[in-house]
2 protein chains.
Amino acid sequence: MLSVRGIRTAALRLIDRDGLENLSMRRLAQELDVQAASLYSHYRTKEDLLADIANEIMAEVDVSGFESGDWRHGLTVWARSYRAALAAHPNLVPVIAAGPGRREAALRRADAVHGGLVAAGWPARHATMIGASTKYLVVGAAINSFARGFDADVQVYRDRYPNLSQAHRLSEHAAEIDNDSFELALSAFLDGLDRTFAALGHEPGAQHAGGD
Amino acid sequence: MLSVRGIRTAALRLIDRDGLENLSMRRLAQELDVQAASLYSHYRTKEDLLADIANEIMAEVDVSGFESGDWRHGLTVWARSYRAALAAHPNLVPVIAAGPGRREAALRRADAVHGGLVAAGWPARHATMIGASTKYLVVGAAINSFARGFDADVQVYRDRYPNLSQAHRLSEHAAEIDNDSFELALSAFLDGLDRTFAALGHEPGAQHAGGD
DNA sequence: CTCAAAACCGAACAGCGTTAGGTAAGCGAG
DNA sequence: CTCGCTTACCTAACGCTGTTCGGTTTTGAG
């Protein structure tokens with residue numbers, strides 16, 4: 001018999017294998033040896049189904065790094081695991097990026113991040129902005145990486161964009177470049193935040209261990 | 001009579017007004033007092049049309065800031081005008097973000113950015129990563145901002161996420177928060193890059209004025 | 001065993017992107 | 001002016017989509 005979980009799993013498998021645009025309710029039903037209409041006994045709409053899957057994936061994201069009271073560590077752990085979760089299902093990135101809407105898991109995590117930053121000594125307003133900024137970085141990196149920006153076809157680039165003469169190589173090393181770019185962006189961002197944190201009157205590198 | 005330009009303009013107007021998912025070839029044709037099939041005399045597919053519109057919008061992006069030889073200035077001008085171009089047509093952000101593919105304008109600009117960074121003294125590999133990172137930030141910010149992450153409905157949040165008790169206010173001040181978050185992220189990122197630049201053996205704040 | 005609830009199916013609706021084939025209008029060559 | 005060609009446009013249709021309706025089958029509790 002069909003189950004909410006079974007539908008979710010099959011849908012995710014299809015998305016991973018054939019891409020988001022090739023997931024249709026009829027194809028999904030076929031995969032489950034069932035008629036398309038039957039799916040609507042378990043999910044109200046296709047959108048609901050996708051949101052549920054997105055929720056499931058976001059549950060992997062790790063916000064435990066803030067428990068130490070070290071905001072830099074917390075942000076690093078959060079950002080990396082966030083990115084890893086998106087990277088695990090590239091075809092679903094557009095769905096997840098398109099908006100947390102009122103997804104349960106996303107909200108609970110946003111709350112943890114915000115709370116962690118405030119506990120570490122950031123003003124509430126900064127905490128909001130830092131949470132948003134980090135998300136920008138992660139989501140932007142995921143989209144750009146998995147929407148494959150550069151074409152592997154050499155001919156397209158040769159002689160036309162002198163500074164990009166190696167552009168076709170980007171595809172080969174795409175994963176590596178993506179990762180390094182993300183890490184560069186993250187560490188540069190955190191370094192910059194360190195300065196801001198110090199300017200707010202905190203010892204550079206200091207952390208709030210407990211309450212104050 | 002129909003023209004490529006007229007179609008583009010009407011399509012963009014519809015997207016701005018009714019959203020991306022409400023643009024159909026039939027509706028677009030209706031707007032132009034024409035039958036849907038006629039559009040295919042001017043554009044091979046809907047995807048082609050969207051790519052063309054995206055191209056047009058990306059043409060607004062300003063990479064002239066690198067001409068000064070000041071990479072920080074160049075990146076700032078680029079990132080801000082990039083974001084402004086996306087913000088001008090929020091409903092189109094997913095299309096633009098989904099991949100430069102082989103869009104002419106995007107490539108020419110990527111070339112200018114890369115060239116500008118190298119001319120300013122960055123190693124080629126760093127230039128690639130910095131270009132990518134900046135794009136992450138801009139695109140991530142645009143997606144998150146315009147896919148409206150937080151719901152204005154107060155009830156959804158009250159009492160459930162203690163650190164987000166003000167979350168419904170986020171919607172009200174969304175534009176302001178978005179902008180501040182982006183500026184925070186950008187300046188923190190650039191501050192961090194300054195450090196990296198110095199660590200590469202450059203005087204902090206120094207620039208290459210000419211070639212070397 | 002009974003009976004209500006839940007799950008599933010077949011058929012259909014309206015809409016989608018796109019194509020095939022036909023008509024009508026514009027236009028340069030003779 | 002007319003021929004013939006090109007281009008723009010139209011009607012009709014194909015196969016697909018998400019979703020709904022009404023009816024049948026399956027399931028599980030009392």
Side-chain angles (χ1 to χ4, degrees), chain A residues 1-56 89 91-99 101-103 147, chain B residues 1-56 89 91-99 101-103 147:
Chain A
M1 204 188 72
L2 238 38
S3 75
V4 169
R5 166 148 202 160
I7 295 175
R8 233 190 295 132
T9 306
L12 184 53
R13 194 175 57 236
L14 277 185
I15 291 171
D16 284 344
R17 201 187 58 196
D18 302 333
L20 185 61
E21 70 284 354
N22 288 314
L23 175 79
S24 77
M25 297 304 264
R26 283 174 174 82
R27 267 207 265 268
L28 174 55
Q30 196 170 18
E31 190 83 3
L32 292 161
D33 281 317
V34 121
Q35 295 297 318
S38 307
L39 300 171
Y40 289 84
S41 299
H42 303 269
Y43 279 105
R44 220 172 45 77
T45 63
K46 184 186 184 184
E47 218 176 310
D48 275 19
L49 167 58
L50 288 177
D52 202 23
I53 297 173
N55 228 337
E56 191 183 24
H89 303 281
N91 295 337
L92 207 64
V93 170
V95 174
I96 299 175
R102 44 181 78 195
R103 280 207 304 275
Chain B
M1 209 187 70
L2 239 39
S3 75
V4 169
R5 167 150 201 156
I7 295 174
R8 234 190 294 134
T9 307
L12 184 52
R13 195 174 56 236
L14 277 185
I15 291 171
D16 285 343
R17 201 188 59 196
D18 303 332
L20 185 60
E21 69 284 355
N22 288 313
L23 176 79
S24 78
M25 297 304 265
R26 282 174 174 84
R27 267 208 265 269
L28 174 55
Q30 197 171 18
E31 189 82 3
L32 292 161
D33 281 317
V34 123
Q35 295 297 318
S38 306
L39 300 170
Y40 289 83
S41 298
H42 303 270
Y43 279 104
R44 221 173 43 79
T45 63
K46 183 185 184 183
E47 217 176 311
D48 274 19
L49 168 58
L50 289 176
D52 203 23
I53 297 173
N55 228 336
E56 192 184 23
H89 303 281
N91 295 337
L92 207 64
V93 169
V95 175
I96 298 175
R102 44 181 77 195
R103 280 207 303 276

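Order of the sequence lines sets the chain letters (A, B, ...), proteins ahead of strands, with each chain counted from 1.
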Q: Can you tell me how far OG1 of A:Thr45 sits from CG of A:Leu50, rounded to the nearest 0.5 angstrom?
A: 8.5 Å
Q: Sequence neighbours left out, what passes salt bridge (Lys or Arg N to Asp or Glu O under 4.0 Å) with A:Asp18? Give chain and number order.
A: none
Q: Atom CG in B:Asp48, atom NZ in B:Lys46: separation rounded to 0.5 Å?
A: 12.5 Å
Q: Between B:Ala54 and B:Ile96, which heavy-atom pair has the shortest distance, and what is it?
A: CB-CG1, 3.8 Å
Q: Nearest 0.5 Å please: distance from the CZ atom of B:Arg26 over to the CG atom of B:Leu28.
A: 12.0 Å
Q: Could you measure the distance from the CZ atom of A:Arg17 to the CG atom of A:Asn22? Nearest 0.5 Å is fine.
A: 10.0 Å
Q: Tell me which residues in residues 32-40 of chain A put a heavy atom below 4.0 Å from DNA chain C, sorted by number, or none.
A: A:Val34, A:Gln35, A:Ala37, A:Ser38
Q: Side chains of B:Leu32 and B:Leu39: closer than 4.5 Å at any heavy-atom pair?
A: yes
Q: Within the structure, does a side-chain N or O atom of A:His42 lie under 4.0 Å from either OP1 or OP2 of C:dA6?
A: no
Q: Identify the 5'-most and 3'-most nucleotides of DNA chain D with at least one atom closer than 4.0 Å to a non-hydrogen atom of chain B.
A: D:dA8 to D:dA13
Q: Quick one: side-chain hydrogen bond (donor to acceptor under 3.5 Å, both in side chains) partners of A:Ser24, sequence neighbours excluded?
A: none
Q: Quick one: OG on B:Ser41 to CG on B:Leu2, what's the gap to the nearest 0.5 Å?
A: 8.0 Å
Q: With a cut-off of 3.5 Å and sequence neighbours excluded, list every side-chain donor-acceptor pair involving residues 5-15 of chain B.
A:
from    : atom 1 : to      : atom 2 : distance (Å)
B:Arg8  : NE     : B:Tyr43 : OH     : 3.4
B:Arg8  : NE     : B:Asp52 : OD2    : 3.1
B:Arg8  : NH1    : B:Glu56 : OE2    : 3.0
B:Thr9  : OG1    : B:Arg5  : O      : 2.9
B:Arg13 : NH2    : B:Glu31 : OE2    : 3.3

Q: Separation of A:Gln30 atom CD from C:dC8 atom P, in whole Å?
A: 17 Å
Q: Using heavy atoms and a sub-4.0 Å distance, could you list which residues of residues 1-29 of chain A are near DNA chain C? By number, please.
A: A:Met1, A:Leu2, A:Arg26
